[in-house]
Each structure stands twice: as C-alpha cells, then as structure tokens.
Amino acid sequence: MKSEDGIVVTDNFIAVIDGSTSKTNRRHNSRMTNGRYAMTIVSDYVSSMPANTSCHQFCIGVTAAIRKRYLPFWKRDKQAVINHLQQHPEERLCASAAIYSRLRREVWLVGDCQCLIGGEFYENPKPYEEVLARMRAEKVKELLAEGKTADEILANDVARQSVIPRMLQEMQNQNVTYAVIDGFPIPEQKVSVLTLDFRPREIVLSTDGYPFLCPTLAESEAKLAQQRHDDPLNIGTFKATKGFTPGNNSFDDRTYIRFEI
C-alpha cells in the first residue's frame with residue numbers, strides 16, 4: 001500500500017499531511033485508499049494557496065475542497081450524501097496537517113500532527129487516542145498472560161481489533177471535540193496556531209508516525225528503531241493503538257521535514 005502521508009514545499013508554505021487510514025470498506029476513489037486520497041486533496045490545496053492565506057481561510061477552503069470530492073464518486077443526491085456522512089464520520093475522507101506559513105510566520109496544527117520550534121515540542125493529539133492505546137495495551141497483556149507470543153499478536157492484532165468499535169464511537173466527535181480535515185466545518189478553537197517572532201530558528205514538522213520527535217531525522221529514526229527493538233507491541237512507556245506489523249520498520253506512515261527560518 002502506498003504511503004498515506006505527504007509533504008508539500010512551496011515558496012510560501014511547508015506542510016506535512018497525514019491521511020487517516022480508513023476504518024470501513026467505503027471508498028471514495030477506486031484507485032487509492034481513503035487516507036491517500038485525502039492526503040492528495042489537501043496537498044493539492046496547500047500547493048495552490050495564495051501567500052497571504054490565513055489559518056481561517058485554509059480551514060474554510062480545504063473543507064470545501066474535500067467536500068466536493070464526495071459527490072461525483074457517490075453519484076447520489078448531494079444532500080443525501082452529506083446527510084449520510086454527517087451520521088457516519090467514519091466513512092469520510094480524513095486528514096491532519098502541520099503547516100508553516102512564511103508570510104504570517106505561523107505554524108498551524110490541524111489534527112494530530114506534531115512539531116519542534118527551536119527545540120520546543122508541540123502536538124495536537126486526538127483526545128481519545130491515549131485512552132484507546134491504554135485499552136489495547138491491557139488487552140495485549142492479557143493475551144501474553146494467556147500464552148500468546150508477541151509475534152502471534154503482531155501477526156493478528158486482536159487487541160487492536162477489540163478497540164475499533166470504541167474508536168468508531170469516538171469518531172462521532174470528529175470536528176466537534178477535536179479538529180480534522182474531512183469536508184465538514186473545522187472547529188477552529190481546536191486548531192493550534194503557533195505564532196513566531198522574527199528570531200532565526202529551526203523548525204521540524206512531522207506526522208504522528210514518530211513516537212519520539214527529535215531535532216534531526218537520524219535521531220528520530222534511531223528512536224523509532226529502538227522502540228521497535230524494545231517494545232514492538234507498543235504497550236510500554238510508549239503506547240499506541242497498533243504495533244509494528246511484521247516486515248514493517250514502523251507502526252505507522254511517517255513524514256518529517258526540518259528547515260530554518
């Protein structure tokens with residue numbers, strides 16, 4: 001499967017975009033996954049934004065860009081499509097993004113991306129993610145106590161499957177108690193806007209595929225590799241809603257970019 005993460009670099013914006021892996025069989029594009037499709041739509045939108053675009057204008061515009069992609073593929077009455085997706089947010093195209101605006105000297109965190117600004121860490125996680133990660137960790141520990149091996153659990157992660165219903169339930173709060181990009185109005189009070197002064201500084205933007213974000217890509221990759229070696233189930237100091245699938249060098253897609261301003 002192709003990555004559902006992406007990077008955009010223009011004269012005025014730098015962004016990392018994390019397309020959300022679909023939790024249902026509904027597809028909005030026959031050629032790619034929902035997460036990759038969402039990522040490409042957001043990437044195209046960021047690539048074409050005027051230099052003076054504000055975070056508010058981005059939220060309005062990218063929402064419209066996603067929403068208009070629902071209708072042609074579904075071939076149904078427009079209002080019926082929107083009504084259905086209003087009730088079933090798990091079937092929407094969905095993405096998160098971290099965006100740097102050169103003109104406004106701001107970093108926008110829309111959804112669960114992360115960044116370092118002058119070495120200081122910022123994130124905007126989904127409120128339920130930590131709870132579900134703890135639930136999965138407890139289930140994994142039960143399976144280990146029953147005699148399952150770590151390899152068996154990673155090959156068929158029934159612990160993750162056990163939290164999917166709760167995850168779908170929590171997604172009813174999508175763009176209510178937390179912000180994402182999904183074609184429905186973004187509650188901008190849930191978007192982090194980080195305003196920078198005019199001092200030179202180094203910035204790192206990253207999707208949430210790095211459990212430990214570091215000032216360099218090499219350090220971030222080394223921390224990820226150490227996590228895979230020490231705790232491939234992701235149930236210890238770092239907990240996640242999934243582990244390292246056999247054959248993969250990460251538990252999630254990941255995107256990282258570092259630059260100076």
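Note that these values count all heavy atoms, side chains included, but never hydrogens, waters or copies made by symmetry.
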Evaluate side-chain hydrogen bond (donor to acceptor under 3.5 Å, both in side chains) for Asn83 paired with Gln79, printing each intermediate quantity in order. CA-CA 6 Å; Asn83 289 345; Gln79 195 55 52; 2.9 Å; yes
Arg69/Tyr37 under side chain to side chain contact (heavy atoms under 4.5 Å, CB included): CA gap, chis, key distance, verdict: CA-CA 10 Å; Arg69 300 299 182 96; Tyr37 190 34; 3.6 Å; yes
Could you go through Ser20 and Glu4, starting from their C-alpha distance and side-chain angles, then the distance that decides it, and tell me whether this counts as side-chain hydrogen bond (donor to acceptor under 3.5 Å, both in side chains)? CA-CA 7 Å; Ser20 298; Glu4 296 178 331; over 6 Å; no
Evaluation steps, side chain to side chain contact (heavy atoms under 4.5 Å, CB included), between Ser206 and Arg254: CA-CA 7 Å; Ser206 170; Arg254 62 199 191 276; 6.0 Å; no
From CA spacing to verdict: side chain to side chain contact (heavy atoms under 4.5 Å, CB included), Ile99, Val46: CA-CA 9 Å; Ile99 303 171; Val46 173; 4.2 Å; yes
Working for side chain to side chain contact (heavy atoms under 4.5 Å, CB included), residues Thr241 and Glu129: CA-CA 7 Å; Thr241 57; Glu129 197 82 12; 3.5 Å; yes
Test log, rule side-chain hydrogen bond (donor to acceptor under 3.5 Å, both in side chains), inputs Asp208 and Gln114: CA-CA 6 Å; Asp208 64 351; Gln114 51 187 346; over 6 Å; no
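Taking NZ of Lys139 as the start and CZ of Arg136 as the end, the distance is 12.0 Å to the nearest 0.5 Å. For the atom pair Ile17 CD1 and Ile41 CD1, the distance stands at 11.0 Å (nearest 0.5 Å). In this structure, the separation between CG on Asn34 and OG1 on Thr21 is 9.5 Å, given to the nearest 0.5 Å. Of the inter-residue distances, the one linking Ile164 atom CD1 with Ser162 atom OG reads 8.5 Å to the nearest 0.5 angstrom. Remark: Ile153 CD1 to Leu143 CG distance equals 5.0 Å, nearest 0.5 Å. Taking CG of Leu205 as the reference point, atom OG1 of Thr255 lies at 10.5 Å (rounded to 0.5 Å).
With hydrogens and angles disregarded, no donor-acceptor distance shorter than 3.5 Å links the side chain of Asn173 to the backbone of Thr177. A distance-only check finds no donor-acceptor pair linking the side chain of Lys148 to the backbone of Ala145 [under 3.5 Å]. In this structure, the side chain of Gln57 engages the main chain of Ser54 through a donor-acceptor pair within 3.5 Å. A donor-acceptor pair under 3.5 Å is absent between the side-chain atoms of Asp253 and the main chain of Ser3, judged by distance alone. The main-chain N or O of Asn248 is never found under 3.5 Å from a side-chain atom of Thr245 such that the two would form a donor-acceptor pair.
With a 4.5 Å cut-off on side-chain heavy atoms, Thr63 and Asp182 do not count as touching. In this structure, the side chains of Gln86 and Arg92 come closer than 4.5 Å at one or more pairs of heavy atoms. By the 4.5 Å heavy-atom criterion applied to side chains, Ile60 and Pro185 are not counted as neighbours. Taking the side chain as every heavy atom from C-beta outward, Tyr128 and Met171 approach each other to under 4.5 Å. Counting only heavy atoms from C-beta outward, the side chains of Pro165 and Val163 never approach each other to under 4.5 Å. Two residues are said to be in side-chain contact when any heavy atoms from C-beta on lie closer than 4.5 Å; Ser250 and Glu221 fail this criterion. Taking 4.5 Å as the limit, some side-chain heavy atom of Ile14 sits within range of a side-chain heavy atom of Ile257. Contact check for His56 versus Phe58: no side-chain heavy atoms found under the 4.5 Å cut-off.
The shortest non-hydrogen separation linking Ile181 to Ser96 is CD1-C, 4.4 Å. Nearest approach of Cys214 to Lys223, heavy atoms of both residues: SG-CG, 3.7 Å. Closest non-hydrogen pair, Leu217 versus Tyr256, comes out as N-OH, 3.3 Å. Contact between Cys113 and Asp18 at its shortest, heavy atoms only, is SG-CB, 4.4 Å. Glu202 and Pro215 get closest at one heavy-atom pair: OE1-O, 3.8 Å. Taking all atoms of both residues into account, the shortest heavy-atom contact from Ile186 to Val180 is CG1-O, 3.3 Å.
Under 4.0 Å is where a charged nitrogen must lie from a carboxylate oxygen, and between Asp5 and Arg36 no such pair does. A salt bridge links Glu170 to Arg166: at least one charged side-chain nitrogen sits closer than 4.0 Å to a carboxylate oxygen. Using a cutoff of 4.0 Å between basic side-chain nitrogens and carboxylate oxygens, Glu91 and Lys23 are not scored as salt-bridged. Salt bridge present: Glu130 and Arg134 bring a charged side-chain N and a carboxylate O closer than 4.0 Å. A salt bridge does not link Glu260 to Arg201: none of the charged side-chain nitrogens sits closer than 4.0 Å to a carboxylate oxygen.
Pairs engaging residues 38-61 under the salt bridge (charged side-chain N to carboxylate O under 4.0 Å, His left out) rule: none recorded [sequence neighbours left out]. For residues 95-113, the pairs satisfying salt bridge (charged side-chain N to carboxylate O under 4.0 Å, His left out) are Asp112-Lys126, with sequence neighbours left out.
A donor-acceptor pair shorter than 3.5 Å can be found between the side chains of Asn156 and Gln161.
Within a 6.0 Å sphere centred on CG of Asp197, other residues, nucleotides and ligands contribute more than 12 heavy atoms.
At a threshold of 4.5 Å between side-chain heavy atoms, the hydrophobic network of Ile, Leu, Val, Met, Phe, Trp and Tyr places Trp108 and Leu196 in two separate groups. Under a hydrophobic clustering in which Ile, Leu, Val, Met, Phe, Trp and Tyr are joined whenever their side-chain heavy atoms come within less than 4.5 Å, directly or via other members, Leu109 and Leu213 fall into different clusters. At a threshold of 4.5 Å between side-chain heavy atoms, the hydrophobic network of Ile, Leu, Val, Met, Phe, Trp and Tyr places Val193 and Val110 in one connected group. Two different hydrophobic clusters hold Leu168 and Leu85 under the rule that ILVMFWY side chains link at heavy-atom gaps under 4.5 Å. The cluster map of Ile, Leu, Val, Met, Phe, Trp and Tyr, joined by side-chain heavy atoms under 4.5 Å apart, puts Leu194 and Val191 in different clusters.
Aromatic rings from Phe251 and Phe238 are positioned such that their centres are separated by under 6.0 Å. Proximity of the aromatic rings of Phe13 and Tyr100 is defined here by a centroid distance below 6.0 angstrom, and this criterion is not met.
Between Tyr70 and His28, the ring planes are tilted. Angles from 30° to 60° get that label.
With Asn234 as the fixed residue, the side-chain hydrogen bond (donor to acceptor under 3.5 Å, both in side chains) test singles out one of Arg160, Lys242, Gln227: Gln227.
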